[in-house]
Participant: 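Structure below; questions to follow.
Quantities reported herein were computed from a predicted structural model and do not represent experimental measurements. For the numbers below, each heavy atom of this structure counts, side chains included, while hydrogens, waters and symmetry mates do not.
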Amino acid sequence: MIKFKIGKDEREVLDYSNLTFFRKLASKIRDPRTKFDVKEFAKRGDDYLFNYVNKNVGSVDEKRRKFLKSLVFGIAAAAVVGIIPGVRVLVPPTITATSGFPKSLLVDSSGNPIKASSLPVNSPVIVLFEYPMTGEPNFLLNLGDSKGNPVEIPPTTVTIPQTGKTYQFPGGVGPNKSIVAYSAICQHLGCTPPYIHFYPPQYVSPAQLTASEPDQLSAEALLAAKQNHVAALIHCDCHGSTYDPYKGAAVLTGPTVRPLPSVLLEWDSTSDYLYAIGAIGVATYPNGANGVPSKDPTDDLSNSYGRPVGDKSTVSETENPFSS
């Protein structure tokens with residue numbers, strides 16, 4: 001159970017099942033393709049919200065209905081935009097290293113293993129795979145310098161600005177130790193690709209300041225790249241959060257106060273295959289009833305989390321945000 005802090009009061013209102021549901025709802029509301037209408041919501045109230053959830057998130061059963069009412073009206077939110085920032089206090093910013101999920105071979109759409117040597121360096125195309133659960137996208141990046149040469153990504157200590165706590169990012173894998181994988185869910189408000197994506201060096205330039213979404217870079221991000229000598233970025237168009245892909249997706253600019261969680265990769269030098277073997281970063285999954293993660297983390301998950309991706313995860317090239 002998570003405590004929801006409202007002013008000086010603190011109430012236990014949210015179990016992890018509802019937390020997952022809430023994160024999905026917040027992500028959908030931020031997605032302009034779903035056309036959430038705040039004015040219409042204010043006018044029609046819960047009927048509008050229930051219909052919206054049914055259409056974009058999933059069916060609203062009695063449990064969800066009560067949860068939505070308590071969440072929206074119980075805190076007297078005038079509009080859903082008022083509850084979205086609650087994500088930052090709802091999710092406990094602890095650090096976890098996820099293991100126990102099946103070791104997943106990364107494959108293409110035909111089921112053929114992805115070969116590390118075949119991944120293009122600094123590709124602008126959004127390349128994603130799900131891990132460890134279905135519906136959880138992650139970037140697969142082969143990082144390089146401004147000349148397009150692969151660069152070794154060394155292990156580094158990543159700091160969580162929200163708490164000051166740190167964890168160890170193990171670095172890149174592959175023949176050049178340049179391949180990394182990070183969650184594709186922005187840690188600010190849960191925006192997903194194409195609104196958050198990788199900016200190769202050629203797009204970390206003033207020209208992107210006036211580009212249309214989803215390839216618009218903020219001036220703050222551009223300045224941070226220059227000051228930190230970062231050739232490429234992961235940037236979220238929704239509110240401007242920026243991450244350093246060379247240093248474990250550490251925070252370069254807010255409003256996010258958390259790095260992107262990392263998927264731990266393994267490279268088989270004999271076959272050149274890549275595997276997802278775990279994750280590390282801010283807490284994504286719940287603990288057991290006794291507060292301690294189970295040996296098999298799937299034991300702690302309710303059905304609302306989806307299902308583990310299994311021993312294979314398909315890598316897909318979704319789109320090139322710079323081509324439109």
Side-chain angles (χ1 to χ4, degrees), residues 95-99 101-108 112-132 136-160 166-184 196-204 224-225 228-235 242-252 259-282 309 311-317:
I95 300 167
T96 61
T98 301
S99 60
F101 286 94
K103 178 178 176 179
S104 294
L105 174 66
L106 303 187
V107 299
D108 62 21
N112 299 313
I114 296 289
K115 292 198 172 184
S117 300
S118 69
L119 291 177
V121 178
N122 290 338
S123 172
V125 178
I126 299 174
V127 179
L128 302 173
F129 66 97
E130 294 181 333
Y131 186 84
E136 296 200 5
N138 300 280
F139 296 118
L140 182 63
L141 304 172
N142 191 4
L143 297 174
D145 59 19
S146 58
K147 296 181 180 178
N149 300 311
V151 296
E152 179 177 339
I153 309 302
T156 189
T157 300
V158 180
T159 300
I160 301 174
T166 62
Y167 60 90
Q168 290 297 309
F169 170 68
V173 301
N176 300 295
K177 298 183 178 179
S178 58
I179 298 173
V180 295
Y182 302 118
S183 171
I196 178 173
H197 63 83
F198 176 66
Y199 283 69
Q202 65 268 35
Y203 295 104
V204 182
N228 291 278
H229 307 289
V230 176
L233 301 169
I234 295 174
H235 181 74
T242 315
Y243 307 88
D244 185 347
Y246 300 96
K247 295 183 178 178
V251 176
L252 277 174
L260 294 175
S262 304
V263 172
L264 303 178
L265 298 175
E266 181 179 287
W267 174 58
D268 184 335
S269 60
T270 304
S271 63
D272 202 24
Y273 295 169
L274 290 166
Y275 299 84
I277 59 173
I280 190 169
V282 289
V309 297
D311 60 3
K312 292 182 180 178
S313 184
T314 301
V315 176
S316 60
E317 297 185 359

Participant: Scan the side chains in residues 149-157 for donor-acceptor partners under 3.5 Å anywhere in the protein, sequence neighbours excluded, and list what turns up.
Facilitator:
{"unit_1": "Thr157", "atom_1": "OG1", "unit_2": "Gln168", "atom_2": "NE2", "d": "2.4"}

Participant: Kindly give the heavy-atom pair with the smallest separation between Val121 and Gly148, and that separation in Å.
Facilitator: CG1-O, 3.5 Å

Participant: Which atom names give the shortest non-hydrogen contact between Ile126 and Phe139, and what distance separates them?
Facilitator: CG2-CE2, 4.1 Å

Participant: Which residues satisfy the ring pair (Phe, Tyr, Trp, His ring centres under 6.0 Å) test with Tyr182, sequence neighbours excluded?
Facilitator: Phe169

Participant: Run the side chain to side chain donor-acceptor pair (under 3.5 Å) test against Asp244 and tell me which residues pass, sequence neighbours left out.
Facilitator: none

Participant: For the pair Phe129 and Tyr131, name the ring-plane relationship: parallel under 30°, tilted 30 to 60°, perpendicular over 60°.
Facilitator: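 Phe129 and Tyr131: tilted rings.
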
Participant: Okay, side chain of Ser313, backbone of Glu130: is any donor-acceptor separation there less than 3.5 Å?
Facilitator: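 Side chain of Ser313 to backbone of Glu130: a pair is present.
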
Participant: Nearest 0.5 Å, please: how far is CG in Leu274 from CG in Leu265?
Facilitator: 6.5 Å

Participant: Mark yes or no for whether Asn122, through its side chain, and Gly144, through its backbone, hold a donor-acceptor pair below 3.5 Å.
Facilitator: yes

Participant: Run the side chain to side chain donor-acceptor pair (under 3.5 Å) test against Thr242 and tell me which residues pass, sequence neighbours left out.
Facilitator: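 Partners of Thr242 by the side chain to side chain donor-acceptor pair (under 3.5 Å) criterion, ordered by chain and then number, come out as His235, Thr253.
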
Participant: Considering residues at least two apart in sequence or located in another chain, which fulfil the salt bridge (Lys or Arg N to Asp or Glu O under 4.0 Å) criterion with Lys103?
Facilitator: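 Only Glu266 meet the salt bridge (Lys or Arg N to Asp or Glu O under 4.0 Å) criterion with Lys103.
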
Participant: Under 3.5 Å, side chain of Ser123 to main-chain N/O of Pro120, donor-acceptor pair present?
Facilitator: no

Participant: Without swapping roles, check the side chain of Asn228 against the backbone of Ala224 for a donor-acceptor pair under 3.5 Å.
Facilitator: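 Flag set: sc Asn228 to bb Ala224 pair under 3.5 Å.
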
Participant: With Tyr275, which residues qualify under ring pair (Phe, Tyr, Trp, His ring centres under 6.0 Å), at least two apart?
Facilitator: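 None.
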
